[in-house]
Amino acid sequence: MDMKQSLAELIAQAIESCYAGVPELPTVADISGYLEIPPEKEMGDYAFPCFKLSRALHKGPPQIAGMLATAIDAPNLCEAKQQGGYLNFFLHRSNFAQQSLNAVLDAGDRYGASDVGANKTICLDFSSINIAKRFHIGHLSTTMIGQSLRRIYTFLGYQTVAINYLGDWGTQFGKLLCAYQRWGNQAEVERDGVEALTRLYVRFHEEAESDPALEDEGRKWFKAIEDGDAEAVRLFTLFKELTLRDTQRVYDMLGVTFDSYNGEAFFNDKMGRVIDELTQKKLLTVSEGASIVDLDEEHTGMPPCLVLKKDGATLYATRDIAAALWRMDEYHFDKCLYVVAYQQDLHFRQWFKVIEKMGYEWAKDLVHVAFGMISYEGQSLSTRKGHVVFLEELLLSAKEKALKIIEEKSPNLENKDEIARQVGIGAVIYADLQNNRIKDIDFSWDRALSFEGETGPYVQYTHARCCSVLRRAAELDPAEPEYAALEDDYAQELLRQLSRFPAAVREAAERYEPSIMTRTVTELCKAYNKFYYENRILDAESGVREARVRLTTAVRQTIKTGLYLIGMEAPERM
RNA sequence: GUGCCCGUAGCUCAGCUGGAUAGAGCGUCAGACUCCGACUCUGAAGGCCACAGGUUCGAACCCUGCCGGGCAUACCA
């Protein structure tokens, strides 16, 4: 049931009957687009601004609203009133309650889902960790935004491909091998994993300052990897496995999974095609010794895209282009999203343009889903300087804090450890996805571990509260619901929040913006807590109770779905 | 210099793509548990929506300019 659609049809009929024959009347779709939700309850549930019709009808908006108000007669759906230039709709409260509740309860955990994405594929390139680097808070946003978008698109019926485009190629790995040969040993790296690799890498840079010859040695080792030297490849493969092993612990805590780990190394032998095609399409020119694609012919203001270095080596744009071509062949994606920080905006605009110039119309389906920078105490993160917060450390702290609160407030809870994990990590995820992704974040322990106000635990608490009510309700005799019991303002506001949920999912997908889900779920929880405070549920008269229980069931279900879509778990007790 | 992004309450941020008196959380102050989970709820104080023009019946939102900040700007990724 789509309320906007129903109202729009009603309005269209009214316009037709009042102003038959007038040219340029709006269509039902236009009207549906104009409909808005008024800022105050006194103004009704929906509003149609008649200013839009003023010109076509040559009448004042209040006059039009008045005419339409008298022409509309649908007592079971709503009452229409003229207020200023607005035509305001007051929904028939108990019918609205019944319809909106049924919509949720009939759909169950599919409420808000859809099949608009059927037979369409979306590739999501996110998280994209670097080999030999520990997972830190700078990787959280790409990972959780990607994960959330993946769930949202899947929920809307799309086929999704989650790709962890590993940073597993480049001269830095030659340096690492060099450092390992000089100062490392297998037992140490196997024991300490990425930690040990990082130490080696840091030491390399320290020593290289006084011994520049190391740089050459590093390059030599990288060449060895490139040439397939057995020992170099063995070591590099080992480092890669160690990194993935360590990182997997974090992914497991966050509940994140991938369909592909094809990273830079995977595409290393697939770049000839890019060069061949660019040459054949006469897009490649040589400038200052490097091979470039000029992008300023159409005055885009963009600097050229470098495809080959002076020495003939490929660059990261080359690799990204190769990867995009390969993914199109492999997955036939309808969209390919790159969840990468906004620093790389120019880079993406450049190589997207190259794809376009190559004649691929699907260049328009490549989307850079940019997000803000994360800093720590006002400074940029730096593993090398030790100015960094590791994700594992953060998640474990969050869990610990949750456990402490649980011990205090719910000492008899079963599975305290598991619940603490869900709550602590939920708090971190929620905080990460709370605001528009483009916002910069200055990480603070206080904020990341805050459990008060609009936070993850607040939403999870509301869910647990619903579950608690429903557990008790299950012991009582069922009854026929009396929807008239849901006519109060608190229940109506709650129903409105529920009815908006499906549109919120669609909008989150359209705007690649998980925070829309976070906020929608939060508003739903606020509305439920107010409703709960104002209305008795279990000890109400049976018909009333049943209606309120059904409402609680719908809320519980929708919170759970919403949390799932932002990558959070919904414990039933906490 | 040029390009992209961001300026909304003391702090962190929403604002449904142009609508009615600009909202929330934190913090501050004042309240509500003999009652279904107080990790909850209620109220108060707090605003030249950076600034100036323009378009419009109507602008925090669109256009132009300007100020402040971030990022990027050829052989790292």
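Residue numbers begin at 1 in each chain, while the letters A, B, ... track the order of the sequences.
- Base-pair partner of B/G7: B/C67 (Watson-Crick or G-U wobble, both distances under 3.5 Å).
- If you check every strand for non-hydrogen atoms under 4.0 Å, A/Lys530 touches sugar and phosphate atoms only.
- Comparing the P positions of B/C29 and B/C6 gives an interatomic distance of 36 Å, to the nearest angstrom.
- Between A/Tyr528 and A/Phe531, the ring-plane angle classifies as tilted under the 30° and 60° cut-offs.
- Under the Watson-Crick and G-U wobble criteria, each requiring two contacts below 3.5 Å, nucleotide B/C41 is paired to B/G31.
- Using a 4.0 Å heavy-atom distance criterion, A/Arg319 is classed as a sugar-phosphate-only contact.
- Here A/Ala473 lies out of heavy-atom contact (under 4.0 Å) with every strand.
- Atom pair A/Glu454:CD and B/G15:P shows a separation of 13 Å (rounding to whole Å applied).
- Between A/Tyr376 and A/Phe443, the ring planes lie perpendicular to each other; the angle is over 60°, past the 30° to 60° tilted range.
- The aromatic ring centroids of A/His368 and A/Phe352 lie 6.0 Å or more from each other.
- To the nearest whole angstrom, the two C1' atoms, one in B/G10 and one in B/G1, are 37 Å apart.
- Taking only side-chain nitrogens and oxygens, A/Asn130 never comes nearer than 4.0 Å to OP1 or OP2 of B/A77.
- When the nucleotides B/C35, B/A74, B/U17 are ranked by their closest atom to the side chain of A/Arg536, B/C35 comes out on top.
- Looking at heavy-atom distances under 4.0 Å, A/Lys52 makes contact with a base.
- Across all strands shown, A/Arg55 has heavy atoms under 4.0 Å from sugar-phosphate atoms exclusively, and none from any base.
- Base pairing annotation: B/G46 forms no Watson-Crick or G-U wobble pair, as no partner gives both donor-acceptor distances under 3.5 Å.
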**Request:** Go through A/Thr171 and A/Glu215 one step at a time and tell me if the side chain to side chain contact (heavy atoms under 4.5 Å, CB included) criterion holds.
**Result:** CA-CA 10 Å; A/Thr171 48; A/Glu215 297 281 350; over 6 Å; no
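- Both distances falling under 3.5 Å, in either a Watson-Crick or a G-U wobble arrangement, place B/U73 opposite B/G1.
- Within the nucleic acid shown, A/Ala341 has no heavy atom closer than 4.0 Å to any nucleic acid atom.
- Residue contacts for A/Ser515: at a heavy-atom cut-off of 4.0 Å it reaches no nucleic acid atom on any strand shown.
- The environment of A/Arg573 atom CZ is sparse: at most 12 non-hydrogen atoms of other residues, nucleotides or ligands sit within 6.0 angstrom.
- Looking at the side chain of A/Lys409, the nearest of the listed nucleotides B/A38, B/C13, B/C39 is B/C39.
- Taking side-chain N and O atoms only, A/Tyr461 has no distance below 4.0 Å to OP1 or OP2 of B/C41.
- Using cut-offs of 30° and 60° for the angle between ring planes, the A/Tyr338 and A/Trp351 rings count as perpendicular.
- Closest approach to the A/Ile406 side chain among B/C36, B/C16, B/C39 is made by B/C39 (side chain taken as heavy atoms from C-beta onward).
- Residue A/Arg471 places no side-chain N or O under 4.0 Å from the OP1 or OP2 atom of B/G37.
- As judged by a 4.0 angstrom heavy-atom cut-off over every strand, A/Asn88 is placed among the base-contacting residues.
- Between A/Asn529 and B/U40 there is no side-chain polar atom (N or O) within less than 4.0 angstrom of OP1 or OP2.
- Cation-pi geometry between A/Lys81 and A/Phe90 is met: under 6.0 angstrom from the ring centre, within 45 degrees of the axis.
- One P atom belongs to B/A59, the other to B/A22, and the distance between them is 13 Å to the nearest Å.
- Annotated as anti: B/C35, whose glycosidic dihedral deviates from 0 by more than 90°.
- Note: OH (A/Tyr528) to P (B/C36) measures 13 Å, nearest angstrom.
- Nucleotides B/C49 and B/A30 are separated by 29 Å at their C1' atoms, to the nearest Å.
- Nearest nucleotide to the side chain of A/Asn435, out of B/G15, B/A14, B/A38: B/A14.
- Within the 4.0 angstrom heavy-atom criterion, base atoms lie near A/Glu572.
- B/G3 and B/U21 have their P atoms separated by 38 Å, with the value rounded to a whole Å.
- Summarising the base pairing, B/C61 is matched to no nucleotide, lacking a Watson-Crick or G-U wobble pair whose two defining distances lie under 3.5 Å.
- A heavy-atom distance below 4.5 Å is not found between the side chains of A/Ser375 and A/Asp440.
- Using a 4.0 Å heavy-atom cutoff across all strands shown, A/Asp294 reaches no nucleic acid atom at all.
- In this structure, A/Glu264 and A/Tyr316 have side chains that are not in contact, with every pair of non-hydrogen atoms separated by 4.5 Å or more.
- When distances run from any side-chain atom of A/Arg519 to the nucleotides B/C36, B/C39, B/A14, the shortest one goes to B/A14.
- In the interface, the side chain of A/Thr522 is not paired with the base of B/A24 through any donor and acceptor atom under 3.5 Å apart.
- In this structure B/U56 sits in no base pair that meets the Watson-Crick or G-U test at under 3.5 Å.
- Atom C1' of nucleotide B/C71 and atom NE2 of A/His368 are separated by 11 Å, given to the nearest angstrom.
- A/Leu315 comes within 4.0 angstrom of the backbone, heavy atoms only, and of no base.
- Between the A/Asn436 side chain and the A/Lys439 main chain, no donor and acceptor come within less than 3.5 Å of each other.
- Contacts of A/Arg472 with the nucleic acid, taken as non-hydrogen atoms under 4.0 Å apart, involve only primed sugar atoms and P, OP1 or OP2.
- Rounded to whole Å, the P atom of B/A50 lies 46 Å from the corresponding atom of B/C36.
- Other residues, nucleotides and ligands place more than 12 heavy atoms under 6.0 Å from the CD atom of A/Glu36.
- Between B/U2 and B/U8, the two P atoms lie 25 Å apart (nearest whole Å).
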Polar pairs (N or O, both sides) under 3.5 Å between protein and nucleotides 4-8 of chain B?
from	atom 1	to	atom 2	distance (Å)
B/C4	O2'	A/Asp345	OD2	3.4

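- Within the 4.0 angstrom heavy-atom criterion, no nucleotide atom of any strand lies near A/Glu534.
- Rounding to whole angstrom units, NZ of residue A/Lys310 and C1' of B/C76 are separated by 15 Å.
- OP1 or OP2 of B/G25 has not a single side-chain nitrogen or oxygen of A/Arg447 nearer than 4.0 Å.
- Heavy atoms of A/Phe51 sit under 4.0 angstrom from at least one base atom.
- Using N1 to N3 plus N6-O4 or O6-N4 for Watson-Crick, or N1-O2 and O6-N3 for G-U wobble, each under 3.5 Å, B/U21 pairs with nothing.
- Side-chain contact between A/Lys175 and A/Trp221 is absent, with no heavy atoms from C-beta onward closer than 4.5 Å.
- Using P as the reference atom, B/C33 and B/G18 are 47 Å apart when rounded to the nearest Å.
- Closest to the A/Asp440 side chain, of the nucleotides B/A24, B/A74, B/G70, is B/G70.
- Using a 4.5 Å heavy-atom cutoff, the side chains of A/Ser291 and A/Thr279 are not in contact.
- Non-hydrogen atoms lying under 4.0 Å from RNA chain B are contributed by A/Glu36, A/Ile37, A/Pro38, A/Pro39, all within residues 32-40 of chain A.
- Between A/Phe222 and the options A/Phe173, A/Phe236, A/Trp169, a ring-ring contact (aromatic ring centres under 6.0 Å, His included) holds for only A/Trp169.
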